[in-house]
Structures are given as C-alpha cells and as structure tokens.
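Okay, here's the structure, questions in a sec.
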Amino acid sequence: MPLHNPIGFVPTDYIELALAGLFLLLALTWRPWVAPLGSRFAHRSGWCMVTLALLPIALRLILLPGHPMPSPDVYDEFSHLLVADTLRHFRLANPPHALPQFFETFFVLQRPTYSSIYPIGQGLALAIGWTIFGLPWAGVLLSVSALCALCYWMLRAWVPPGWALLGGLLAVFEFGPLSSWTNTYWGGAYTATAGCLVFGALPRLRNGWRLRNAALLGLGVGMHLLSRPFESIFLLASVILFFLPELRSMDGLRRLARPAAVTTLVCLPALSLVMTQNKQVTGSWLTLPYALSQYQYGVPTSFTFQPHPVPHNPLTHEQEMDYKMQRAFRSADQDTPVTYLKRLLYRIRYYRFYFYPPLYLALIAYLVTMRQYRFLWVALTAVIFALGTNFYPLFLTHYVAALTCLFVLMSVEGLRIISRWRAGAPGARVLIWLCIAQFAYSWTTADFHYPERRIQVNKQLAKISGNLLILVRYWPQHIFQDEWVYNGADIDKARIVWARDLGDAEDQKLLHYYPDRKVLLLEPDAPPPRLTLYKPEPAKPQPPKPPEKPELQKQPTIVFEPVL
C-alpha cells in the first residue's frame, strides 16, 4: 500500500536506497565479470526471448508447493473470468436470465444481456490458457511470459543487446513470479505486452520502414484497444508525437503513408471486435458495456472508510485499497484545477510499482538523455498517460501498464549512462546487484494473498455431490464490496449456482425455477462463513386484532323548516 509520502517508500526502501548510494561509492574499484558473459548471450535474440519467456513461468511453478495457484477474490477478477467463459462459449454476450434480480453483482450487466462490463482483452488471454491447459491462470502465465520476452525485443531497438537482456531480466524480477499481475486475474501483463509491441515497432519503423514493423505496431495498438479503450487515446497520441519530426516535411509524410495504411488495416479487426461486442452486449455499436453499467447502476462518488464490523472477517487487501482510494479521490464531475493537481501528486506513489528502489538513482541519471528527442519522447509519453488517466477518479497500476517497457527502458538507459561516467561502471553493477538481492529477498519472504474464507467454502461445496443452488444471505452490517454472487456464462448448466437471498417469498420463484437442485444457505458474514441447508423461515405469528368497537346507533336527523 502506498504510504503518506510523495513516492510511497516504506522505511526499508529508504534504507535500501541509502545502501545503494553507499555501495556505489565503495564499488568504484570492483572488476566486472558478469557483463562479458551476458554480452555474448545477449546477441542471440531467439535464445534470449525463449529464456525470458520460460523463466517467469518456471520460477512461479517452483513456488507452487508453498504458494498454490491464486484463487479469485475481487469482483474485477470474476468479471474478467466471465468474459473468458463467454468467449469459450463462442459468443460475446450471454442471453439474459429469466430471474435476473437474484444474480445482480458487481461489474456484470443483467439487461439487455447477461455480460461482463469489461472489454475482452484480459478475458481473451484467460480464455486461451483456459482452453489449452484447462486453467484460466495459465492465460495469466502466458501473458507474463510474453511480456518478459517482448520487453527484451522492444529494448533491442533502443539499447545495445547486453543492456536489453538486463532489461528483460528486470522485467522478470519486477513483473514475473512475485508480481500481483502474475497472482491475480484482473490483468496488467496483457496490456503491457501490447505496449511492448507498440514501443518496439516505432524505432524500427523509423530506421527501416518495413511493413512487418508496421503490422506489429497495428497489432499492439489493436491489442491495447481490446483491453484499455480509454487509454488507447493516449497511446495513439504518443505514436503521433513520436513521428512529429517526420510530419514536418512532405518527404516524411510520403514515407509514413504506406506504414500508416498497414497499421490501420491491422487495427481494424480489433476496432470491429470492440464495436461488435458493444452491439451484442448493449444493443448499440457505440455504447461500451462499461458506460451502460454506469448509466444503469450509477457511479459512487465517495465512501467513508470503516473497519469491518465482524472481527473474524477482516477486509482483504484489495477491499481496503478500494475504500482508501475512493475516500482520497473525489469524483471527476467535481473536479477543479486544485483537486486535479492534488490527485495527480497523490498518484505519484503508485508508480513505485514499476521501479525497484535502487533504480531511482538510474532515473536521475536518465535525465541526461533527454537532450535526444527520442528519449525526451519517452518521458513525454509517460506524462501524457499520467495527465490523461488523472481525469478518472480512481487509479490502479494496470491502467498505465502499456508504459511498462518504457519504465524498464528508463531504468536501463539510466544504468547505462552511469556506467559511461568516469569510474561509474562499478556503481552501475552495484545497483544491478542490489536489484538482484531485492528479488532474492522477496523470493524468500513471498506472501501472496489468498481468500481463506472463499477457499474454505469451496472445499465444503466440493464434498457435496449433485447440482447445488447457493442462496447468499448477508447480515445487516455487511460491507457491500465483499460480494459472493458470481456465476459463469451459462448459469443454468453450472453445477453450482450462486444467487442472492431476497426473502422467503421471493426465493420461492428461484426454488421453483430450479426444482432439481439441492438448496444451501450461505451466510458469509458469520465468523467463519456458515453453510447450511436452506429452510424457509417459519411464518411469524400475527398479533391478535383488537376487538371492533360496536357501532353507535345513528340518531335521526332533525330538519328545521323555515317559518314564514
């Protein structure tokens, strides 16, 4: 969690940064021995990409005995899994259920179709791994694998091979087996992979103008459009900014015309897919499911953070993060220049996710490279994304995941600049070894989040045979982010159907709809969660009616006639 300081450091980060400066001074006489070995291997691009692709998967699989496969817990994860399951049924939207009121949940539409509100990018990655290996988490691992390999490929267009290999290893350390991107289902690596394709194709296009690079640029933009449509505006702006020197002359425009046409043609299928999903989910080609969800359910503007009232049922890390973020940020429709600036400054600490503490020294050295337009463009691209995403009231690190390889480039180029200073090569090696040491220390102290309550309930349900209907009854003090009602793409054919308890009278509709299912009642707010057979509550005795008062006899009405 980011702390209350500008860059989100905890005390140990300050200690590590101080040690980095100390060892930088002590290591001026150290003799390099790793660089020559890595340099020879770095020139073999194919082997490097294969190695970097397999390394994060192998390291994470080694951790399985102590840290098993992650279990979804946050509503974003379940919504992306719904996208994946929908795609596995060879459709973009699911027909609405006959009783949608029992299945309403976070980030899922019930009308006009039963569908996730998210684009299909992350769900597509999950569906591929789910289909090939039988597990949606396999799609997460494949995305991380592609990110690490393509980060090296992208850096080959910016820095020498040895430094590109170092950047690929940094990607493995920071975003590989120990990263939240690898151990959750709500994305990051997929969008970062798209960014690698875009930012690796741009300098190659400038150097060679090959159609293959134009196609890779279009593929990257299309992949990004499928996962982050809003941020794709900033991605396209950065692409135009990159070719700004060429756009000043007619010769440059003519040279750009053919690659631009190829890039556009490759992007068109992704744009068509986005619009087709809009049409099938919302009924409109131009209405995003996310926008329809905000129209139907509204957008919360503020929350008051309160501890969970049940001590044995604490908030998860993600839930606590949501509360604190929504308390800290005001709604976009209440923005003023002052609140916009405060939110921008507050979010600086979240970029801590992309850098090890020793690399902040490399970022300072990176400032020297901004005399060249291409490295200045890298910083400007980061500024464009930061300013653009700041209009949205919430922020998570994967919103700017496309910049991952650019952040790695900043780190690597900063280390490269330090190594070129007089007596600076030993200092650069010290910073690299400190990054390796931090990864090794994090490896020994890895502590992933597991939703113990959900895992416990799922184990109980696995022991019960037959098809089940789980009615979820929340207690009055329930925190609404702690949602349990999630289902697959085909609710009626699932072995376990999760539904909201709407009261005995209303529940009878669902019981008649599923007459052949065993009905259980889940009370997730109980310490621990309570799973019992469903029994309708006995009818409450009605209080006796008070005796009616006897009616009084009506008196005759006397009419007085006027007397002349």
Side-chain angles (χ1 to χ4, degrees), residues 45 48-49 52 121 143-144 146-161 163-168 170-171 174-175 188-210 212-228 231-246 256 259-260 262-263 266-267 270 351 354-355 363 366 369-370 372-386 388-389 397-414 416:
S45 300
C48 286
M49 293 186 67
L52 292 171
S143 299
V144 174
L147 165 61
C148 296
L150 289 176
C151 189
Y152 163 82
W153 174 83
M154 174 267 179
L155 291 172
R156 282 297 304 265
W158 292 85
V159 295
W163 292 101
L165 178 59
L166 173 63
L170 286 177
E174 297 185 79
F175 316 109
Y190 171 89
T191 308
T193 300
C196 290
L197 290 173
V198 172
F199 299 126
L202 289 177
R204 288 178 170 87
L205 271 175
R206 172 173 287 173
N207 296 332
W209 305 100
R210 293 184 179 180
R212 179 185 64 182
N213 296 325
L216 291 175
L217 174 60
L219 177 62
V221 173
M223 289 178 58
H224 193 273
L225 185 64
L226 292 178
S227 62
R228 307 297 309 175
E231 288 79 5
S232 295
I233 300 173
F234 316 130
L235 185 65
L236 290 174
S238 69
V239 171
I240 296 173
L241 186 64
F242 183 85
F243 292 112
L244 188 60
E246 283 77 9
L256 283 174
V262 173
T263 300
V266 176
C267 280
Y351 291 88
Y354 293 97
F355 300 99
L363 288 181
Y366 178 79
T369 67
M370 292 191 185
Q372 301 181 42
Y373 178 76
R374 61 174 186 155
F375 289 115
L376 175 62
W377 169 84
V378 172
L380 290 177
T381 298
V383 171
I384 290 174
F385 270 79
T389 55
T397 54
H398 62 270
Y399 290 3
V400 294
L403 302 179
T404 301
C405 58
L406 292 186
F407 291 139
V408 176
L409 172 61
M410 292 180 182
S411 302
V412 170
E413 185 63 20
R416 183 168 170 244

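Remember, it's a predicted structure, so these values are computed and weren't measured experimentally. The analysis underlying the following values was restricted to heavy atoms, covering all of them including side chains, and did not include hydrogens, waters or symmetry mates.
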Original post:
Under the 3.5 angstrom rule, does the side chain of Arg206 hit a backbone N or O of Phe242 as a donor-acceptor pair?
Top reply: yes

**OP:** Taking all heavy atoms of Leu202 and all of Phe243, pick out the closest pair and write down the distance.
**Re:** CD2-CE1, 3.5 Å

Original post:
By salt bridge (Lys or Arg N to Asp or Glu O under 4.0 Å), which residues pair with Glu174, not counting sequence neighbours?
Top reply: none

Subject >> Spacing of CG belonging to Leu165 relative to CG belonging to Leu155, to within rounding of 0.5 Å >> reply: 10.0 Å

Original post:
From Phe407 CZ over to Cys151 SG, what is the distance, rounded to the nearest 0.5 angstrom?
Top reply: 12.0 Å

**OP:** Name all pairs fulfilling the salt bridge (charged side-chain N to carboxylate O under 4.0 Å, His left out) condition that reach into residues 397-414, sequence neighbours left out, sorted by first residue then second.
**Re:** Glu413-Arg416

Original post:
Trp153 ring centre to Arg204 NZ or CZ under 6.0 Å, with the angle to the axis within 45°?
Top reply: yes

Subject >> Minimal non-hydrogen separation, Arg374 against Ala157, with atom names >> reply: NH1-O, 4.2 Å

Original post:
Taking atom CZ of Arg210 as the centre, does the number of heavy atoms from other residues, nucleotides or ligands within less than 6.0 Å exceed 12?
Top reply: no

**OP:** Mind checking the CG-CG spacing from Leu197 to Leu217? Nearest 0.5 Å is all I need.
**Re:** 9.0 Å

Original post:
Nearest heavy-atom pair of Gly222 and Cys267: which atoms, and what distance?
Top reply: N-SG, 4.0 Å

Original post:
Once you round to the nearest 0.5 Å, how far does CG of Leu241 lie from CD1 of Ile384?
Top reply: 5.0 Å

Original post:
Mind checking whether His224 and Val198 have side chains closer than 4.5 Å, heavy atoms only?
Top reply: no

Original post:
Below 4.5 Å, heavy atoms only, C-beta onward: do Cys148 and Phe175 meet side chain to side chain?
Top reply: no

Original post:
Do the non-hydrogen side-chain atoms of His398 and Thr191 ever get within less than 4.5 Å of each other?
Top reply: no

Original post:
Between the main-chain N or O of Val144 and the side-chain N or O of Tyr190, is there a donor-acceptor pair closer than 3.5 Å?
Top reply: no

**OP:** Determine the minimum heavy-atom distance between Ala270 and Leu225, stating which atoms define it.
**Re:** C-CD2, 4.3 Å

Original post:
Taking it one step at a time, do Tyr351 and Thr397 satisfy side chain to side chain contact (heavy atoms under 4.5 Å, CB included)?
Top reply: CA-CA 7 Å; Tyr351 291 88; Thr397 54; over 6 Å; no

**OP:** Compare all side-chain heavy atoms of Leu166 with those of Tyr152 and state whether any distance is below 4.5 angstrom.
**Re:** no

Original post:
Can you tell if the side chain of Val400 reaches within under 4.5 Å of the side chain of Phe234, non-hydrogen atoms only?
Top reply: no

Original post:
Hey, is the main chain of Tyr366 close enough, under 3.5 Å, to the side chain of Thr369 for a donor-acceptor pair?
Top reply: yes

Original post:
Going by heavy atoms in the side chains, are Met154 and Leu409 under 4.5 Å from each other?
Top reply: yes

Original post:
Do the side chains of Tyr354 and Val408 get nearer than 4.5 Å, heavy atoms only?
Top reply: no

Original post:
How long is the gap from CG on Asn213 to CG on Leu219, to the nearest 0.5 Å?
Top reply: 12.0 Å

**OP:** Give a yes or no on whether the backbone of Gln372 and the side-chain of Trp377 come within a donor-acceptor separation of less than 3.5 Å.
**Re:** no

Original post:
Are any non-hydrogen side-chain atoms of Leu147 and Cys196 less than 4.5 angstrom apart?
Top reply: yes

**OP:** Using atom types as modelled and distance alone, determine if a side-chain donor or acceptor of Trp158 lies under 3.5 Å from a backbone N or O of Phe199.
**Re:** yes

Subject >> For the student: nearest non-hydrogen atoms of Trp163 and Val412, plus distance >> reply: O-CG1, 3.5 Å

**OP:** First locate atom CD1 of Ile233, then atom CD of Glu231, and finally report the distance between them rounded to the nearest 0.5 Å.
**Re:** 8.5 Å

